[in-house]
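Convention: sequence-line order gives letters A, B, ...; per-chain numbering from 1.
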Amino acid sequence: MFNLFLAVSPEIFIINATSILLIHGVVFSTSKKYDYPPLVSNVGWLGLLSVLITLLLLAAGAPLLTIAHLFWNNFFRRDNFTYFCQILLLLSTAGTISMCFDSSEQERFDAFEFIVLILLPTRSMLFMISAHDSIAMYLAIEPQSLCFYVIAASKRKSEFSTEAGSKYLILGAFPSGILLFGCSMIYGSTGATHFDQLAKILTGYEGARSSGIFMGILSIAVGFLFKITAVPFHMWAPDIYEGSPTPVTAFLSIAPKISISANISRVSIYGSYGATLQQIFFFCSIASMILGALAAMAQTKVKRPLAHSSIGHVGYIRTGFSCGTIEGIQSLLIGIFIYALMTIDAFAIVSALRQTRVKYIADLGALAKTNPISAITFSITMFSYAGIPPLAGFCSKFYLFFAALGCGAYFLAPVGVVTSVIGRFYYIRLAKRMFFDTPRTWILYEPMDRNKSLLLAMTSSFITSSFLYPSPLFSVTHQMALSSYL
Amino acid sequence: MVLSATVVGALLGLGTQMYSNALRKLPYMRHPWEHVVGMGLGVVFVNQLVKWDAKLEQDLDKMLQKAKEANERRYFGTLSLSLSDCMFQFQQFFFSGFALSF
């Protein structure tokens with residue numbers, strides 16, 4: 001029997017926890033009696049605990065999800081697909097918060113609101129993943145976007161961070177408007193906002209029979225593609241990822257991609273899929289893969305190649321989505337899961353290195369001599385990004401291209417393979433710098449804190465050993481993909 | 001199966017904790033109780049993972065079977081209906097023709 005309270009208890013808990021943390025932070029950080037404590041660490045640990053409790057509440061509600069349930073005027077849907085995506089989102093949020101503790105001390109970043117501004121979009125993204133209506137979808141996307149604009153500018157003393165926040169605000173407002181415009185066009189043409197109704201109306205829809213529907217679908221696709229940094233709407237990503245604090249960059253690289261990919265799967269594949277959307281997504285996948293492979297070659301800073309790598313990986317993940325088949329959705333989920341873990345790993349190392357003033361790729365020289373284990377970990381992550389077997393990145397790319405071939409996208413898969421090979425250049429260049437080059441100035445590396453080291457150890461263990469036992473991931477993603485159709 | 005999962009989990013947990021110490025440039029066995037905790041968590045994790053995998057396979061088989069039956073009902077059900085209708089009419093024709101001949 002479906003229990004509504006148990007089903008939405010994760011969201012209710014995280015909303016309440018965020019409010020309590022905000023009040024706690026405001027009251028104690030302005031307290032003269034306690035000498036105005038910074039509270040970042042304190043609120044950070046409480047925030048991490050809130051995320052873990054939310055995860056437990058989600059797991060407690062899992063037995064209810066053997067069949068899909070719609071609730072709250074059919075605005076939201078709970079099924080296995082929702083469950084998997086929300087679990088992954090919460091794990092990514094926990095990983096991001098773990099990265100924050102030491103870096104906020106090192107960079108003298110004493111705003112506790114930063115943690116609250118990570119929990120708030122997490123709440124919105126939980127709603128976005130389960131949204132089953134255009135209105136619910138937009139109401140969930142907007143708070144998420146607003147919080148992202150603010151945390152991108154959270155390092156107030158840094159002009160790069162302020163610039164990143166301003167750019168994100170201005171450039172992010174347009175696709176939100178375009179997305180809403182698309183929803184309104186579809187509502188005006190069909191009278192429906194619910195995805196089930198749209199599925200019935202738009203089944204068999206071909207081409208531009210109705211210009212309103214065509215414009216609506218196109219606008220929604222553009223809005224979504226901007227939010228996940230797909231080409232040709234990617235221009236904002238490198239500047240904002242580079243200017244934001246490193247844990248924020250990690251969060252922006254991972255969390256919105258999970259929630260928006262889940263939501264776009266519901267909108268597009270369930271609600272309104274057809275040749276129109278498929279061609280748009282095929283083009284964007286190919287363009288993202290090509291640009292992600294080529295643009296990163298000219299970069300000299302450490303975070304910018306990772307931003308371009310993120311754009312390229314969006315292209316690979318879109319490949320699975322563009323297929324429009326069960327295997328495609330399964331490969332999308334596998335790709336997102338492995339991408340999330342690799343990105344947490346990569347940014348945790350970058351965050352640890354930034355504390356010792358490593359900003360440029362040239363500064364990585366001789367890391368292998370001063371801190372060989374960190375160098376090996378970073379290299380493993382880069383090789384996994386490059387898709388070198390038997391690391392996890394290879395499994396995700398293999399399955400994505402396999403799904404593309406299965407649906408008849410015979411051009412997409414070879415483009416993906418060729419761009420993977422070309423992209424290996426800048427991944428291997430980082431390893432070459434670390435192992436074979438001498439730096440311009442020798443940097444004394446400080447040891448990283450326990451949280452980051454544990455996070456790195458766990459994610460690296462997964463990346464290196466998942467090929468031995470991939471069956472649970474394949475089975476669970478197959479089940480999630482089926483549940484979104486059945 | 002349980003033994004191998006336990007051994008793999010213990011090694012995984014121990015390896016992760018040693019890797020974490022190595023990343024911090026500490027001796028591999030610094031704070032050995034953390035290694036024990038890691039081994040315990042590794043054992044629990046891998047054993048639960050194996051059980052979960054077995055349950056997932058069963059659930060997946062059930063879902064695929066349900067989907068297959070639904071598809072067969074949708075596409076082959078009408079064919080079997082029309083076949084049985086033909087058989088009935090043939091029988092009617094045969095017996096009426098047989099009766100007339102007498």
Side-chain angles (χ1 to χ4, degrees), chain A residues 59 62-63 65-68 79-80 84 102 326 330 345 348-349 352-353 370-378 380 444-466 468-486, chain B residues 1 4-31 33-35 37-74:
Chain A
L65 301 171
T66 46
I67 55 172
D79 55 16
N80 284 332
F84 176 80
D102 202 46
I326 301 276
Q330 185 185 0
D345 200 292
I349 298 176
L353 293 175
T370 53
N371 199 339
I373 303 294
S374 293
I376 290 170
T377 309
F378 202 24
I380 287 171
L444 184 66
Y445 292 97
E446 293 176 18
M448 66 177 75
D449 62 317
R450 185 209 298 262
N451 301 315
K452 276 203 201 75
S453 68
L454 273 174
L455 189 64
L456 279 169
M458 287 190 287
T459 47
S460 301
S461 301
F462 173 81
I463 288 170
T464 47
S465 57
S466 64
L468 293 167
Y469 191 42
S471 153
L473 181 62
F474 278 82
S475 300
V476 76
T477 48
H478 193 179
Q479 199 178 40
M480 303 311 156
L482 279 173
S483 72
S484 63
Y485 278 97
L486 298 175
Chain B
M1 188 64 182
S4 55
T6 304
V7 167
V8 166
L11 285 172
L12 189 66
L14 178 67
T16 303
Q17 181 55 37
M18 288 170 73
Y19 194 17
S20 169
N21 279 349
L23 278 165
R24 296 170 68 199
K25 297 181 89 169
L26 297 172
Y28 293 142
M29 296 305 288
R30 172 72 61 94
H31 295 155
W33 58 87
E34 291 174 358
H35 297 70
V37 170
M39 285 167 76
L41 288 174
V43 164
V44 168
F45 171 71
V46 172
N47 277 300
Q48 292 301 318
L49 187 69
V50 168
K51 280 183 200 165
W52 185 54
D53 186 32
K55 187 173 173 309
L56 271 175
E57 277 190 41
Q58 287 172 5
D59 290 344
L60 195 57
D61 289 337
K62 278 184 208 162
M63 278 178 94
L64 289 168
Q65 184 61 28
K66 265 173 68 175
K68 188 180 166 203
E69 281 165 8
N71 280 333
E72 280 174 357
R73 257 196 318 270
R74 199 174 291 128

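- Options A:P372, A:S460, A:S465 differ in how many heavy-atom pairs under 4.5 Å they form with chain B, and the most are formed by A:S460.
- A:S461 and B:L12 get closest at one heavy-atom pair: CB-CD1, 4.5 Å.
- Across A:I376, A:L456, A:I349, A:T377, the residue that shares the most heavy-atom pairs under 4.5 angstrom with chain B is A:T377.
- Of all non-hydrogen atoms in A:Q479 and B:L56, the two that sit nearest each other are OE1-CD2, 3.2 Å.
- Listed here is the closest heavy atom pair of B:E34 and A:R450: OE2-NH1, 2.6 Å.
- One distance of note links OH of A:Y469 with CG of B:D53; it measures 3.5 Å at 0.5 Å rounding.
- Contact between B:L60 and A:S475 at its shortest, heavy atoms only, is CD2-O, 4.1 Å.
- Distance alone, capped at 3.5 Å, places no donor-acceptor pair between the B:K25 side chain and the A:I373 backbone.
- If you take OG on B:S20 and CE on A:M448, they are separated by 9.0 Å, rounding to the nearest 0.5 Å.
- In this structure, A:S453 and B:L23 approach most closely via the heavy-atom pair O-CD1, 3.7 Å.
- The structure places CZ of B:R24 at 11.5 Å from NZ of A:K452, a figure rounded to the nearest 0.5 Å.
- Between B:Y19 and A:A457 the shortest heavy-atom distance is CD2-CA, 3.8 Å.
- Looking at B:N21, neither its backbone nor its side chain comes within 4.5 Å of chain A, counting heavy atoms on both sides.
- Between the OG atom of A:S471 and the CG atom of B:L49 there is a distance of 8.5 Å, given to the nearest 0.5 Å.
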Discussion item. Evaluate B:Q17 against A:L454 for side chain to side chain contact (heavy atoms under 4.5 Å, CB included), listing each step before the verdict.
Written reply: CA-CA 7 Å; B:Q17 181 55 37; A:L454 273 174; 3.9 Å; yes
